[in-house]
Amino acid sequence: MTWQNELSSAFRRADELSQFLGWPVPQLDNYPLLVTRGLATLIRKQGPNGVLARQFLPHQEESAHHGLLDPIGDQAHAKTAQLIHRYHNRALLIPTTVCPVNCRYCFRKNELLSDGPFAQEREQTLNYLMQHPEIEEVIFTGGDPLILSDEKLGAWLELLATIPHIRHIRFHSRVPVILPTRLTEDLSDVLESFAGRFTLIMIVHSNHVSEWSDAAIKAVRHFRPGGLRWMSQSVLLKGINDNPLTLAELFRFFAQLDVRAYYLHHPDQVRGGMHFWLDLEAGRKVWGALHDQLPGWMLPQYVIDIPGGHGKTPAFNPEGHSFSGSLLDRSGQLIQTIQPSFPVSDSTARP
Ligand code: SF4
């Protein structure tokens with residue numbers, strides 16, 4: 001089956017999915033249901049109380065009204081309808097609002113419901129990029145950029161290749177896990193043809209080892225066109241992976257798959273997703289224990305997006321990039337005070 005057929009045959013109605021799974025699935029109006037048949041099979045195998053059901057099936061808790069509609073402040077940095085320029089030398093491009101699945105915790109779940117802010121505006125987007133020579137990296141996000149056809153993706157890359165200061169292209173995608181049939185030879189050829197022009201990076205979004213089918217593992221292992229670098233991003237989610245053993249298993253798995261663990265995001269305070277949220281102290285305890293279990297090269301950066309569009313900052317070091325001068329041990333006890341001998345700046349926060 002092609003990836004397009006797989007996507008068009010995905011479950012979009014709660015009654016049909018419920019019949020397939022063998023247990024009730026609520027129909028919610030505020031955020032649609034979207035589950036591919038491959039993912040539904042994994043959910044069924046794990047059962048109604050599994051971490052896959054919790055991540056991807058609607059739940060009444062989503063109707064709660066607390067939390068933020070735009071938790072990371074995208075709109076404060078929107079330069080065109082599909083471009084967000086929050087960090088000096090890189091910009092987020094949102095070429096589509098479509099995803100291969102509707103994750104129930106999604107930090108953009110309220111934005112993706114409307115086409116309004118992300119309507120097609122390619123010309124203005126390209127003009128903005130041309131006029132900003134400081135932007136050296138374009139990050140395709142969404143929605144999920146790999147939902148675009150090969151032709152559309154190729155056309156975007158062709159246009160970006162005409163802007164000399166853009167040297168790196170990054171894709172943030174859940175497709176490799178949820179719809180691995182999308183990693184086709186044709187897509188490989190498209191990316192390969194830009195290999196000499198751009199550094200190509202694929203950041204795969206995954207929160208739990210059980211999301212990975214054999215097909216997804218095989219696809220990621222073999223899909224390396226033009227030196228494509230694989231990295232990961234995961235979200236710390238209450239009830240899904242908020243314990244060090246689960247996360248250690250995930251990051252060991254990435255290492256075996258030759259995917260560099262890049263980000264662990266502290267959960268955002270998203271409206272309709274607050275049942276996944278945990279406070280920073282709880283997250284830091286998990287991180288501290290995880291830190292003791294894995295070698296440094298397997299660990300991602302643990303980061304938090306400051307609400308209001310202030311960007312990411314390290315979550316394990318609330319002082320950000322400035323150094324207070326205090327060296328503390330794991331229990332928080334002051335061991336030594338030293339004077340920084342170099343200027344500090346907060347301009348190195350990473351998206
Ligand atoms: S794939 Fe990403 S953008 Fe799409 S619903 Fe999931 S978290 Fe949100």
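Read the numbers this way: they start at 1 and go in the same order the structure lists the ligands and their atoms. The residues of the chain are indexed from 1 along the displayed sequence.
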query = Do the charged groups of Arg37 and Glu6 touch, with an N to O distance under 4.0 Å?
reply = no
message = Tell me if a side-chain donor or acceptor on Arg90 pairs with a main-chain N or O of Ile135 at a distance below 3.5 Å.
response = no
inquiry  = With a cutoff of 4.0 Å, is Tyr31 in contact with ligand 1, counting heavy atoms of the residue only?
reply    = yes
ask   = Does some non-hydrogen atom of His205 fall short of 4.0 Å from ligand 1?
value = yes
Cys99 backbone or side-chain N/O/S under 2.8 Å from atom 4 (Fe) of ligand 1 = yes
Pairs touching residues 219-240 that satisfy salt bridge (Lys or Arg N to Asp or Glu O under 4.0 Å), sequence neighbours left out = Arg224-Asp258
remark   = Excluding Leu34, membership of its hydrophobic cluster (Ile, Leu, Val, Met, Phe, Trp, Tyr; side-chain heavy atoms within less than 4.5 Å) reads none
